[in-house]
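See below for the structure under consideration.
We name chains A, B, ... by the order of the sequence lines, and we start the count at 1 in each one.
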Amino acid sequence: MKQALKTAISPTREEDYAEWYQQVVRVADLAETSAVRGCMVIKPWGYSLWENIQRVLDGMFKATGHQNAYFPLFIPLSYLQKEAEHVEGFAKECAVVTHHRLEAGPDGNLVPAGELTEPLVVRPTSETIIGATFAKWVQSYRDLPLLINQWANVVRWEMRPRIFLRTTEFLWQEGHTVHASAQEAQEETERMLDVYADFAERYMAIPVIKGEKTDSERFPGAVSTYCIEAMMQDRKALQAGTSHFLGQNFARSSEITFSDVTGKEAHAWTTSWGVSTRLIGGLIMTHSDDNGLILPPRLAPRHVVILPMLRKDKNRAEILAYCKRVAQELRGLRYDDQPLQVELDTRDASGGEKVWSWIKKGVPLRVEIGQRELDNDALFVGRRDQTQSERSSQARAEFVQTVTKQLDEIQAALLERARTLRDQYTRRIDSKDEFYDFFTPQNRDKPEIHAGFALSHWNGQPGIEETIKNDLNVTIRCIPLDAPEEDGRCIMSGEPSRRRVIFAKSY
RNA sequence: CGGGGCGUAGCGCAGCUUGGUAGCGCACCUGCCUUGGGAGCAGGGGGUCGGCCGUUCAAAUCGGCUCGCCCCGACCA
């Protein structure tokens with residue numbers, strides 16, 4: 001008999017966090033790398049997770065008055081150039097289309113031909129082309145606010161891809177809105193940040209900190225950038241979503257103007273905001289353990305998997321019939337306003353093999369059904385947020401009655417667990433020595449699990465940020481919005497400060 | 001794009017130092033037997049050893065170039 005593995009994933013998080021992450025992606029069947037550098041294939045299990053994220057967010061966008069539309073993949077080069085800061089920020093990572101045809105070359109291989117008069121940039125983000133379109137749509141204050149979202153793919157030619165976290169092509173949504181006043185645009189920016197934070201906590205079970213970015217981390221072309229920041233299990237920060245107040249910058253470069261109530265022509269105020277497939281990376285790194293993925297029930301493609309434990313010589317048919325009956329009963333239920341998703345795993349594999357495959361894929365509830373359950377009209381239930389030894393027998397009727405409550409409990413437990421971890425590794429630090437000590441790796445040769453978040457005072461000077469980044473590879477993740485003002489002194493300069501900011505290593 | 005590491009079957013690896021034409025475990029296929037913590041037995045399929053060029057009678061093995069992946073940076077969602 002094969003020896004039982006200690007953990008399904010090897011190496012463990014502690015042993016090699018980066019490798020563990022890739023293993024989870026692979027064994028959970030979420031995605032794989034492709035023939036194209038930096039681009040991933042999202043497999044059905046991973047894509048259905050994305051579909052659930054889309055469904056929920058899309059509902060939240062609609063509920064806040066937004067409509068979906070779709071804009072071109074290609075952006076004329078001249079559009080991108082219109083906003084100086086914007087082009088500077090993205091120029092280094094643009095894929096550029098220069099030809100529109102292939103012809104056989106002298107050696108028979110195809111070569112690009114038909115050079116374009118103006119190169120097209122594959123969108124890294126769509127502010128410029130959407131701005132040009134909005135300029136035509138907006139004439140009067142009566143056309144405002146204009147609240148649009150698009151689900152799309154974008155391309156950013158990153159130097160260091162990491163599956164889900166930083167791929168060359170990624171899927172996202174980008175909201176783009178136009179308003180008649182700065183205040184309205186500012187309110188929209190904050191509203192959508194709230195939507196993201198709400199989604200992260202209530203659906204992804206990821207506790208996040210809402211904050212504003214410093215100048216050095218601001219979106220190119222924005223007046224101000226807001227973000228939600230989460231702590232991963234290696235205690236690095238992950239920016240999970242951003243919302244930008246663009247002021248009149250893009251309205252000026254795209255000439256989005258309107259006649260106000262008095263008939264006066266004015267530039268509009270715009271916002272943009274987005275989350276991407278990076279969220280899936282964040283989900284993995286927040287909840288998963290050394291046995292694989294753990295999915296929050298509200299986003300899980302399957303809520304319950306039923307695993308028949310069959311013996312050849314005994315009541316196979318009866319056990320299977322019982323399994324089907326349970327599946328049918330469960331499928332009649334609803335969870336979180338959606339049909340409860342139930343999988344009956346009838347694969348011809350051993351019980352252990354089936355159980356572990358679903359553990360690795362992160363399904364919240366596993367129901368094992370064999371002769372004992374059939375005899376007692378019961379189910380043997382395992383929760384993915386608990387260990388295998390914590391499984392328990394439950395009466396069938398009781399399980400059916402309480403399954404949604406059990407899913408809610410798992411959802412809440414995951415959020416609580418993540419919040420506890422984050423709080424445990426968040427420290428208020430008031431001296432430079434302690435700060436440097438905090439962020440200096442314990443094991444210089446292999447720094448994998450990091451220190452966490454430091455809440456410290458900062459004098460607002462970019463020079464200090466840069467020094468800290470150069471010394472420790474630590475940056476200001478955000479200036480928290482909810483933090484109370486307090487008197488303190490910058491840990492580096494000793495100058496007075498009114499507010500703590502979050503320092504951390506980040507993805 | 002800089003520094004380091006690694007490319008041998010789907011996954012994980014050995015073989016390379018000392019050249020002789022490829023192996024192991026898991027996975028996969030068939031049969032039997034099994035299925036409640038990742039089963040067993042028997043048989044079987046699958047690799048131009050990342051690619052190109054060179055050295056050689058002969059290259060997974062030696063040399064050069066190149067591509068890709070991973071880690072640490074810089075850049076970034």
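- Pairing for B/G37 is absent, judged as Watson-Crick or G-U wobble with the two contacts each under 3.5 Å.
- Considering only side-chain N and O atoms, A/R162 lies nowhere under 4.0 angstrom from the phosphate OP1 or OP2 of B/C69.
- The CG-P distance, from A/N470 to B/C75, rounds to 9 Å in whole Å.
- Of the N and O atoms on the side chains of A/E217 and A/Q239, not one donor lies less than 3.5 Å from an acceptor on the other residue.
- Between the side chain of A/R316 and the base of B/U35, a donor-acceptor pair under 3.5 Å is found.
- Under 3.5 Å, the side chain of A/R166 and the base of B/C76 form at least one donor-acceptor pair of N or O atoms.
- Side-chain N or O atoms of A/W50 include none that pairs as donor or acceptor with a backbone N or O of A/S276 at under 3.5 Å.
- Nucleic acid contact class of A/T167 (heavy atoms, under 4.0 Å, all strands): base.
- Pairing for B/U48 is absent, judged as Watson-Crick or G-U wobble with the two contacts each under 3.5 Å.
- At a threshold of 4.0 angstrom between heavy atoms, the contacts of A/K360 include nucleobase atoms, whether or not backbone atoms are also involved.
- Of the possible donor and acceptor atoms, one in the side chain of A/S357 sits under 3.5 Å from a partner among the backbone N and O of A/K354.
- Remark: the backbone N or O of A/L307 is not paired with any side-chain donor or acceptor of A/E368 at under 3.5 angstrom.
- Rounded to whole angstrom, the span from the CZ atom of A/R218 across to the P atom of B/C75 amounts to 16 Å.
- With sequence neighbours excluded, no residue forms a side-chain hydrogen bond (donor to acceptor under 3.5 Å, both in side chains) with A/Y203.
- Mapped onto RNA chain B by nearest heavy atom, A/R37 and A/N473 fall at different nucleotides, with A/R37 at the one closer to the 5' end.
- With A/I306 as the partner, the side-chain contact (heavy atoms from CB on, under 4.5 Å) test is satisfied by one option alone out of A/D345, A/V342, A/L365: A/V342.
- B/A27 and B/G63 are spaced 37 Å apart, taking the C1' atom of each and rounding to whole Å.
- A/R347 has its CZ atom 14 Å from the C1' atom of B/C28, to the nearest Å.
- Nucleotides B/A22 and B/A59 have their C1' atoms positioned 13 Å apart, rounded to a whole Å.
- At least one side-chain nitrogen or oxygen of A/S350 sits closer than 4.0 Å to the OP1 or OP2 atom of B/A39.
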Any protein N or O atoms within reach of nucleotides 3-12 of chain B? Criterion: under 3.5 Å, listing atom names and distances.
| unit_1 | atom_1 | unit_2 | atom_2 | d |
| --- | --- | --- | --- | --- |
| B/C11 | O2' | A/R26 | NH2 | 3.0 |

Ignoring hydrogens and angles, write down the donor-acceptor pairs under 3.5 Å from the side chains of residues 83-92 of chain A, residues two or more places apart or on other chains.
| unit_1 | atom_1 | unit_2 | atom_2 | d |
| --- | --- | --- | --- | --- |
| A/E83 | OE1 | A/E85 | N | 3.1 |
| A/E83 | OE1 | A/H86 | N | 2.9 |
| A/E85 | OE1 | A/G221 | N | 3.4 |
| A/H86 | ND1 | A/P220 | O | 3.1 |

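- The nucleotide whose nearest atom lies closest to any side-chain atom of A/W356 is, among B/G38, B/G36, B/C75, B/G38.
- The gap from the P atom of B/A39 to that of B/G50 amounts to 33 Å, rounded to the nearest Å.
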Distances for protein N or O near nucleotides 45-47 of chain B N or O, under 3.5 Å:
none

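- Across all their heavy atoms, A/S34 and A/C39 have their closest contact at OG-O, 2.6 Å.
- Distance noted for atom C1' between B/C33 and B/C16: 42 Å (whole Å).
- No donor-acceptor pair under 3.5 Å is formed between the side chain of A/S126 and the backbone N or O of A/I129.
- Within the shown strands, nothing qualifies as a pairing partner of B/C16 under the Watson-Crick or G-U definition with both distances less than 3.5 Å.
- Summary of the strand contacts: A/V36 and A/S389 both lie near RNA chain B, and taking for each the nucleotide with the nearest heavy atom, the more 5' one is attributed to A/S389.
- Distance A/M159 CE to B/C71 P: 16 Å, rounded to the nearest Å.
- At whole-Å resolution of the value, CE in A/M309 and P in B/A39 are 11 Å apart.
- Distance check on atom P: B/G7 versus B/G12 gives 11 Å, rounded to whole Å.
- Residue A/E353 has its side chain nearest to B/G38 when only B/G38, B/C75, B/G73 are considered.
- In this view, A/R123 and A/Y70, A/N153 satisfy the side-chain hydrogen bond (donor to acceptor under 3.5 Å, both in side chains) rule, not counting sequence neighbours.
- Distance CZ (A/R372) to P (B/G36): 11 Å, rounded to an integer number of Å.
- Here A/L279 lies out of heavy-atom contact (under 4.0 Å) with every strand.
- Aromatic rings of A/F250 and A/F134 (six-membered ring for Trp) have centroids beyond the 6.0 Å cut-off, not under it.
- Residue A/S276 is classed as a base contact, given a heavy-atom separation below 4.0 Å to a base.
- Counting any heavy atom pair closer than 4.0 Å across all strands shown, A/R391 reaches a base atom.
- Nucleotides B/G46 and B/C65 place their P atoms 37 Å apart, quoted to the nearest Å.
- For the pair A/L310 CG and B/U35 P, the interatomic distance rounds to 10 Å; values are reported in whole Å.
- Distance, A/Q22 CD to B/C69 P: 12 Å, rounded to whole Å.
- For A/Q173, the side-chain hydrogen bond (donor to acceptor under 3.5 Å, both in side chains) partners at least two apart in sequence or on another chain are A/N149, A/Y196.
- For the P atom pair drawn from B/C29 and B/G3, the interatomic distance equals 46 Å after rounding to whole Å.
- Base-pair partner of B/G68: B/C6 (Watson-Crick or G-U wobble, both distances under 3.5 Å).
- Remark: the separation of the C1' atoms in B/U48 and B/U8 is 12 Å, to the nearest Å.
- The side chain of A/R156 lies closest to B/C76, out of B/G38, B/C76, B/G36.
- When both pairing distances are held under 3.5 Å, B/G25 makes a Watson-Crick or G-U pair with B/C11.
- Contacts of A/A240 with the nucleic acid, taken as non-hydrogen atoms under 4.0 Å apart, are absent.
- Within 4.0 Å of A/Q239, counting heavy atoms only, lie sugar-phosphate atoms of the nucleic acid but no base atom.
- Under the 3.5 Å distance criterion, with hydrogens and angles disregarded, a donor-acceptor pair is assigned to the side chains of A/E390 and A/T387.
- Within the shown strands, B/C1 is the pairing partner of B/G73 under the Watson-Crick or G-U definition, both distances less than 3.5 Å.
- Judged by distance alone, with hydrogens and angles left aside, A/E373 brings a side-chain donor or acceptor within reach of the base of B/G36, the pair sitting under 3.5 Å.
- Among the atoms of the strands shown, only primed sugar atoms or phosphate atoms (P, OP1, OP2) are found under 4.0 Å from some heavy atom of A/G38.
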